[in-house]
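Just so it is clear, the values below take in all heavy atoms, side chains as well, and ignore hydrogens, waters and symmetry mates. Throughout, residue positions are numbered sequentially from 1 according to the sequence presented.
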Amino acid sequence: MPIVDKHAHGSPCWFELGTTDQSGAKSFYTALFGWSAADFPMGPEEVYTMLKTDGHDVGGAYTLNAQMKEQGVPPHWMVYFAVPDADAAAATVSALGGTVLMAPFDVMTFGRMAVCKDPTGAVFSIWQAKDHKGVGVFGENNTIGWAELATRDVNAAEAFYKALFPWETAPSAGSPTPYIEFGPAGQKTGGLMQMDGQWEGIPPHWGVYFRVDDCDAAAAKIKELGGQVCFGPFDAGGVGRIAVGADPQGANFSIIRLNPH
């Protein structure tokens, strides 16, 4: 299993579940992907859950607070991007027409972060690593291996993120809708997808893909564990077999079995 020692500038480096039932979410994801979970205090009657595979961090989870619920924040997976300087990156977000929703702040000694919104309306976070680098495994089975932005203006999104991060981008050949793959330093770590009429009523958002060795079996297990399969499984030409799911609390995610190369 290749271990990630350091995340390149602009790469998706951490994935965090905000949920309404932390205990239920732990039970679901550990059963679905074979993870372990460890809780750490982060305030009065609050804990942060570190999700792991073979001792390596694959993500985190916390309970949405009252203010978030009042603001209508649903259960969701947040994507964090690695930056060398969170304050400078947040300033660039504002200069490029984005919005800094939570100004840069220190997360104890683990790192410095900010929560932002891009000009097309999707929320993401930036992470300046200190003691915590981010996920220790990326792109292996039962871990996240792709981050995807669904947006109504893929060209504006590409311009924004390329100005913010040192991404290389390229259109995906054969995609039925405009789709742009991205990654730093020649890597492919995610994509930007144009939303069409089928997405009516759904706001732009970042999402995550978990790699699995059997998409149909994983989709069946999602349902057995009380989640939902919202779409699929289906074959994505030249890529793999995909299903879109939701955990029992309503947080959406995708699973993919990649085609053999």
| field | Aromatic ring pairing W77/F210, orientation class (parallel under 30°, perpendicular over 60°, tilted between) | value | perpendicular
| field | Non-hydrogen side-chain atoms of H9 and P84 separated by less than 4.5 Å | value | yes
| remark: Rounding to 0.5 Å, atoms CE (M193) and OG1 (T177) come to a distance of 6.5 Å
| Does CD belonging to Q228 count more than 12 external heavy atoms closer than 6.0 Å? | no
| task | Evaluate whether atom CZ of F110 has more than 12 neighbouring non-hydrogen atoms of other residues, nucleotides or ligands under 6.0 angstrom away. | result | no
| query | Are any non-hydrogen side-chain atoms of H7 and V135 less than 4.5 angstrom apart? | reply | yes
| Atom CG in D5, atom NZ in K133: separation rounded to 0.5 Å? | 5.0 Å
| task | Would you indicate whether K188, at its atom NZ, is surrounded by more than 12 heavy atoms from other residues, nucleotides or ligands within a distance under 6.0 Å? | result | no
| Mind checking whether W167 and I180 have side chains closer than 4.5 Å, heavy atoms only? | no
| request: Determine the minimum heavy-atom distance between R211 and E140, stating which atoms define it. | output: CB-O, 3.6 Å
| Considering all heavy atoms of both residues, which atom of P75 and which atom of L64 are nearest to each other, and what is their separation? | N-CD1, 3.8 Å
| task | Report yes or no: does S11 contribute a side-chain atom to a donor-acceptor pair with the main-chain N or O of C13 at less than 3.5 Å? | result | no
| note | For V229 and A219 the tightest heavy-atom approach is CG2-O, 3.4 Å
| Donor-acceptor side-chain pairing of Y209 and E148 below 3.5 angstrom | yes
| query | Taking it one step at a time, do W146 and V239 satisfy side-chain contact (heavy atoms from CB on, under 4.5 Å)? | reply | CA-CA 12 Å; W146 196 254; V239 179; over 6 Å; no
| task | Would you tell me whether D57 and H132 have side-chain atoms, one donor and one acceptor, within less than 3.5 Å of each other? | result | yes
| said: Quiz question: by atom type and distance under 3.5 Å, do the side chains of Q22 and T63 form a donor-acceptor pair? | reply: yes
| Going through the distances and angles, do N259 and R257 end up as a side-chain contact (heavy atoms from CB on, under 4.5 Å)? | CA-CA 7 Å; N259 288 339; R257 177 194 55 79; 4.0 Å; yes
| said: How about CD on Q71, more than 12 heavy atoms from neighbouring residues, nucleotides or ligands closer than 6.0 Å, or not? | reply: yes
| field | Point-to-point distance, once rounded to the nearest 0.5 Å, from CD of E158 to NZ of K162 | value | 5.5 Å
| task | Answer yes if M78 and V47 sit in the same cluster of Ile, Leu, Val, Met, Phe, Trp and Tyr residues linked by side chain heavy atoms under 4.5 Å apart, and no otherwise. | result | no
| field | Spatial distance of atom CG (L149) from atom OH (Y179) [nearest 0.5 Å] | value | 9.5 Å
| Are W35 and V58 close enough, and set up right, to give a side-chain contact (heavy atoms from CB on, under 4.5 Å), and what steps lead you there? | CA-CA 9 Å; W35 296 343; V58 292; 3.6 Å; yes
| Closest heavy-atom pair and its distance - M195, P204 | SD-CA, 3.9 Å
| field | Neighbour count above 12 (heavy atom, 6.0 Å) for K117 NZ | value | no
| Please walk me through it: do T189 and F182 pass side-chain contact (heavy atoms from CB on, under 4.5 Å)? | CA-CA 6 Å; T189 53; F182 70 81; 3.5 Å; yes
| request: Using the test ring pair (Phe, Tyr, Trp, His ring centres under 6.0 Å), find all partners of H76 that sit at least two apart in sequence or belong to another chain. | output: none
| Taking atom types as modelled and ignoring hydrogens, do the side chains of D131 and T109 form a donor-acceptor contact shorter than 3.5 angstrom? | yes
| N142 vs T53 side-chain heavy atoms within contact, under 4.5 Å | no
| Short side-chain to backbone donor-acceptor contact, K221 and A31, under 3.5 Å | yes
| message | For the backbone of P178 and the side chain of Q194, can you confirm whether one donor and one acceptor N or O come within less than 3.5 Å of each other? | response | no
| said: So, taking the atom named CG in L51 and the one named OG1 in T30, what distance separates them when rounded to the nearest 0.5 Å? | reply: 8.5 Å
| Is any side-chain heavy atom of N252 closer than 4.5 Å to a side-chain heavy atom of C230? | yes
| request: Evaluate the ring planes of F33 and F253, with Trp represented by its six-membered ring, and classify them as parallel (under 30°), tilted (30 to 60°) or perpendicular (over 60°). | output: perpendicular
| Taking everything shown except K223 itself, do over 12 heavy atoms lie less than 6.0 Å from its NZ? | no
| remark: Shortest non-hydrogen pair, L17 vs Y29, comes out as CD2-CE1, 3.5 Å
| query | Should the ring pair F165 and Y161 be called parallel, tilted or perpendicular, given that the plane angle runs from 0 to 90° and is split at 30 and 60? | reply | parallel
| request: Give the minimum heavy-atom separation between V100 and A90, together with the two atoms involved. | output: CG2-O, 3.4 Å
| Short side-chain to backbone donor-acceptor contact, T151 and D153, under 3.5 Å | yes
| query | Should the pair F138 and F15 be assigned to parallel (<30°), tilted (30 to 60°) or perpendicular (>60°) ring geometry? | reply | parallel
| Going by atom types only, do E16 and Y80 share a side-chain donor-acceptor pair under 3.5 Å? | yes
| message | Within this structure, what is the CG-CD1 distance for the pair N141 and I255, rounded to the nearest 0.5 Å? | response | 11.5 Å
